[in-house]
*Asks:* 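One structure, as structure tokens, below. Some questions next.
Read the numbers this way: they start at 1 and go in the same order the structure lists the ligands and their atoms. Both backbone and side-chain heavy atoms feed into the values below; hydrogens, waters and symmetry mates do not.
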Amino acid sequence: MQERPPDIRVNIIVGDQMDNAIKTIYETVKVRDPNQLEFHQAVEEVLDSLGPVISEYPDYIDVVHGIVEPERVIQFRVPWYDDEGNLHVNRGFRVQFNSAIGPYKGGLRFHPSVNLSILKFLGFEQVFKNSLTGLPMGGGKGGSDFNPKGKSNAEVKRFCQSFMSELWRHIGADLDVPAGDIGVGGREIGYLFGMYRKMANEFTGVLTGKGLSFGGSLVRPEATGYGLVYFAREMLATKGKSFDGSKVAISGSGNVAQFACQKVIDLGGKPVTMSDSSGYIYDASGIDREKLAWVMDLKNNRRGRIKEYADHFDGIEYTASKPEPNHNELWGTNVDVALPCATQNEINEAEAQMLVSSGVIAVAEGANMPCTPEAVEVFLDNGILFAPGKASNAGGVATSGLEMSKNSLRMSWTREEVDQKLEAIMVNIHKNAFETAEKYGMPGNYVAGANIAGFLKIAESTMAQGIL
Ligand code: NDP
Ligand code: 2IT
């Protein structure tokens with residue numbers, strides 16, 4: 001018989017024992033769910049930062065105990081029929097991680113790699129990210145191992161309807177508000193929202209990223225990519241640098257990558273790469289507005305592969321991905337700024353080393369956890385400006401928060417107003433992470449700054465409400 005994992009329990013501790021108490025919590029997380037490697041990775045990074053906070057507020061160790069366990073996990077069957085009439089059965093999930101400061105909030109991911117480890121890592125990150133936005137949103141994440149690639153529009157619609165025919169009873173405008181993530185964009189949110197409205201028999205702001213004609217917010221599609229570049233701009237400014245004239249490597253070619261690319265161009269930078277899971281393109285002359293519009297049509301309407309960019313434009317290098325999942329040689333490019341915007345663990349230690357050797361100044365995560373812990377260490381050890389995703393990609397969920405307010409208030413803002421609010425939120429997250437890192441004796445370490453600042457707000461709320 002398998003041994004029962006221990007309850008998470010650590011006695012109240014003082015001084016030197018503090019670090020051991022945090023380590024015990026981390027070890028217990030690993031014993032409880034030994035196969036959830038992505039979740040372990042996300043937890044370890046946060047817990048590593050919390051020593052100085054627990055020294056200052058020893059009671060908060062109880063919050064740490066609780067925060068590593070989701071409040072609720074929902075798993076369900078999603079049956080659907082393809083165009084030939086064959087039955088497929090996928091898995092659906094919603095991880096409702098933490099609601100201490102607001103309703104659960106976070107995206108839905110449709111990708112064949114989706115499992116509980118990935119959704120728990122994403123939900124855990126989301127708790128701290130949402131706290132950093134300064135808006136009243138708890139953290140959650142969900143999705144399915146459904147692969148939207150190669151599916152017809154009708155198949156995607158049937159899948160979304162089947163998915164929502166179960167999820168609807170677990171979510172609500174004041175309970176849990178999902179949005180998009182990998183494989184879930186405006187089209188999927190539309191189908192999901194339609195089914196929610198039918199099942200619940202009510203029209204509320206239960207999802208964000210909706211179409212403009214049914215309650216969506218201006219700038220939500222652009223928000224993650226724009227916010228990322230606003231954050232990176234602030235970070236560069238601390239060293240007297242800017243995007244103007246800089247060469248920028250971007251990975252991915254989906255929602256976050258496209259609008260990061262657009263904002264880099266707006267700020268006078270030159271994006272030279274984009275990728276998808278098959279490979280990457282290098283455009284030495286720079287991806288300009290016209291070429292980016294072509295990529296957007298390729299990806300959002302024709303749903304094609306980035307390789308077609310090299311077939312369509314002259315003088316482009318295309319390199320297929322390495323056999324190792326999530327990796328290609330994109331990070332060997334000589335650039336000033338790197339913006340990984342595809343998926344988790346796409347920059348490993350060797351790739352980080354390549355970026356450093358080629359003279360990169362700043363790395364800002366558009367994706368969630370795209371850099372491995374070893375890669376992050378390489379950046380920090382070499383004095384590279386490094387922005388962790390929970391700070392630098394928070395613009396998407398922040399604008400989702402604005403969409404929730406807009407829906408509740410039944411009013412709307414202009415494009416300029418939303419963009420200004422997004423920019424102000426990103427400037428504020430940067431300031432908060434920067435100053436918190438200084439205050440806790442780790443100047444320039446945005447990882448520690450973001451983790452501590454995000455944690456403090458949740459800890460205060462949790463202590464005030466009791467750990468439930
Ligand atoms: P999209 O589905 O729009 O685009 C994802 C892009 O990443 C595609 O180019 C895709 O290529 C590539 N990609 C996905 N999985 C892999 C993989 N395993 N290996 C290599 N490439 C891969 O998603 P988003 O742009 O919305 O999301 C990108 C990242 O940003 C994710 O980490 C997400 O969690 C994060 N994020 C998204 C936010 C949002 O508002 N959308 C907000 C904050 C973070 P292919 O098409 O070949 O799969
Ligand atoms: O990872 C993320 O922050 C998102 N996918 C966006 C979540 C949201 O609720 O807008």
Side-chain angles (χ1 to χ4, degrees), residues 38 102-114 118-119 121-130 132-133 135 137-143 147-150 176-189 207-210 216-217 219-228 250-261 274-281 295-296 298-300 303-307 321-322 324-328 330 339-347 365-371 389-404:
E38 293 86 358
Y104 309 106
K105 180 83 196 86
L108 296 171
R109 176 176 291 193
F110 292 170
H111 193 271
S113 63
V114 162
I118 289 188
L119 295 181
F121 117 62
L122 289 164
F124 186 73
E125 290 277 296
Q126 200 80 46
V127 172
F128 299 89
K129 182 193 305 191
N130 294 2
L132 283 169
T133 65
L135 302 174
M137 299 183 289
K141 202 84 185 190
N147 184 0
K149 236 175 263 160
D176 183 355
V177 183
D181 193 79
I182 290 178
V184 179
R187 174 182 63 168
E188 291 74 20
I189 293 292
L207 292 163
T208 59
K210 299 185 292 296
S217 170
V219 193
R220 175 62 189 89
E222 294 89 339
T224 311
Y226 280 16
L228 169 68
I250 297 174
S251 65
S253 47
N255 173 269
V256 181
Q258 291 170 15
F259 290 104
C261 186
M274 284 187 113
S275 70
D276 58 26
S277 53
S278 309
Y280 80 97
I281 56 105
V295 171
M296 287 182 173
L298 172 78
K299 287 290 170 182
N300 308 343
R303 299 186 188 268
R305 310 303 297 159
I306 200 70
K307 181 178 187 305
S321 296
K322 290 181 188 172
E324 197 186 348
N326 303 2
H327 290 277
N328 53 49
L330 190 156
L339 304 176
C341 298
T343 194
Q344 63 275 357
N345 292 330
E346 51 168 315
I347 302 186
E365 295 187 327
N368 285 307
M369 210 170 75
C371 300
K390 62 172 75 70
S392 51
N393 73 32
V397 74
T399 309
S400 280
L402 300 177
E403 184 173 330
M404 288 167 71

*Asks:* Starting from atom 6 (C) of ligand 1, which protein heavy atom do you reach first, and at what distance in Å?
*Replies:* Gly254 N, 4.0 Å

*Asks:* Does Ser392 reach the main-chain N or O of Glu365 with its side chain, forming a donor-acceptor pair under 3.5 Å?
*Replies:* yes

*Asks:* I need the nearest protein heavy-atom contact for atom 41 (N) of ligand 1: residue, atom name and distance, please.
*Replies:* Asn255 OD1, 3.6 Å

*Asks:* Just which atoms of ligand 1 are under 4.0 Å from any heavy atom in Gly252?
*Replies:* 9 (O)

*Asks:* For Cys341, take its heavy atoms, then give the atoms of ligand 1 lying under 4.0 Å from any of them.
*Replies:* 28 (C), 29 (C)

*Asks:* Under 4.0 Å from a heavy atom of Ser253: give me the atoms of ligand 1 that qualify, with their elements.
*Replies:* 9 (O)

*Asks:* Looking only at heavy atoms, is any part of Arg305 under 4.0 Å from ligand 1, and if so is it the side chain, the backbone, or both, or is it neither?
*Replies:* side chain

*Asks:* Considering only heavy atoms, does Gln344 approach ligand 1 within less than 4.0 Å through its side chain, its backbone, both, or neither?
*Replies:* neither

*Asks:* Which heavy atom of the protein is the closest neighbour of atom 37 (C) of ligand 1, given with residue, atom name and distance?
*Replies:* Val256 CG2, 3.5 Å

*Asks:* With respect to atom 20 (C) of ligand 1, which of Gly395, Pro340, Ser277 exhibits the smallest heavy-atom separation?
*Replies:* Ser277

*Asks:* Would you say the side chain of Ser277 lies within less than 4.5 Å of the side chain of Lys149, judging by non-hydrogen atoms?
*Replies:* yes

*Asks:* Please identify which atoms of ligand 2 are closer than 4.0 Å to at least one heavy atom of Ala179.
*Replies:* 8 (C), 9 (O), 10 (O)

*Asks:* What residue and heavy atom of the protein are closest to atom 9 (O) of ligand 2, and at what distance?
*Replies:* Lys105 NZ, 2.6 Å

*Asks:* Just need the protein heavy atom nearest to atom 7 (C) of ligand 2, so name the residue and atom and give the distance.
*Replies:* Gly107 N, 3.5 Å

*Asks:* Taking only heavy atoms of Ser400 into account, list the atoms of ligand 2 that are under 4.0 Å away from them.
*Replies:* 8 (C), 9 (O), 10 (O)

*Asks:* Within the 4.0 Å heavy-atom shell around Thr224, which atoms of ligand 1 are there?
*Replies:* 38 (C), 39 (C), 40 (O), 42 (C), 43 (C)

*Asks:* Out of all atoms in ligand 1, which are within 4.0 Å of some heavy atom of His111? Include the element for each.
*Replies:* 15 (N)

*Asks:* What protein heavy atom sits nearest atom 33 (C) of ligand 1, and how far off is it?
*Replies:* Asp181 OD1, 3.2 Å

*Asks:* Show the atoms of ligand 2 that are less than 4.0 angstrom away from any heavy atom in Lys141.
*Replies:* 1 (O), 2 (C), 4 (C), 5 (N)

*Asks:* What atoms of ligand 2 come within less than 4.0 Å of a heavy atom belonging to Lys129?
*Replies:* 1 (O), 2 (C), 3 (O)

*Asks:* From Glu38 CD over to Phe124 CZ, what is the distance, rounded to the nearest 0.5 angstrom?
*Replies:* 14.5 Å

*Asks:* Can you tell me which portion of Thr399 lies within the under-4.0 Å heavy-atom range of ligand 2? Options are side chain, backbone, both, or neither.
*Replies:* neither

*Asks:* Give me the nearest non-hydrogen protein atom to atom 18 (N) of ligand 1 as residue plus atom name, then the distance to 0.1 Å.
*Replies:* Asn326 OD1, 2.9 Å

*Asks:* Please confirm whether Gly180 approaches ligand 2 to less than 4.0 Å, judged on its heavy atoms.
*Replies:* yes

*Asks:* If the cut-off is 4.0 Å to any non-hydrogen atom of Arg109, which atoms of ligand 1 fall inside it?
*Replies:* 31 (C), 32 (O), 33 (C), 34 (O)

*Asks:* At what distance is the nearest protein heavy atom to atom 23 (O) of ligand 1, and which residue and atom is it?
*Replies:* Ile182 CA, 3.4 Å

*Asks:* Find all atoms of ligand 2 within a distance of less than 4.0 Å from any non-hydrogen atom belonging to Arg220, and give their numbers and elements.
*Replies:* 6 (C), 8 (C), 10 (O)

*Asks:* Write out the residue and atom name of the closest protein heavy atom to atom 2 (O) of ligand 1, then the distance separating them to 0.1 Å.
*Replies:* Gly183 N, 3.0 Å

*Asks:* Got the closest protein heavy atom to atom 13 (N) of ligand 1, with its distance?
*Replies:* Ala342 CB, 4.1 Å

*Asks:* Which atoms from ligand 1 have a heavy atom of Lys149 less than 4.0 Å away?
*Replies:* 45 (P), 46 (O), 47 (O), 48 (O)

*Asks:* For ligand 2, note which part of Glu125 has a heavy atom under 4.0 Å away: side chain, backbone, both or neither.
*Replies:* neither

*Asks:* Rounded to the nearest 0.5 Å, what separation is found between the OG1 atom of Thr343 and the CD1 atom of Ile118?
*Replies:* 7.0 Å

*Asks:* Which atoms from ligand 1 have a heavy atom of Asn368 less than 4.0 Å away?
*Replies:* 32 (O), 33 (C), 34 (O), 35 (C), 36 (N), 44 (C)

*Asks:* Strictly inside 4.0 angstrom of atom 10 (C) of ligand 1, do you find any protein heavy atom?
*Replies:* no

*Asks:* Going by heavy atoms, is Gln258 under 4.0 Å from ligand 1?
*Replies:* no

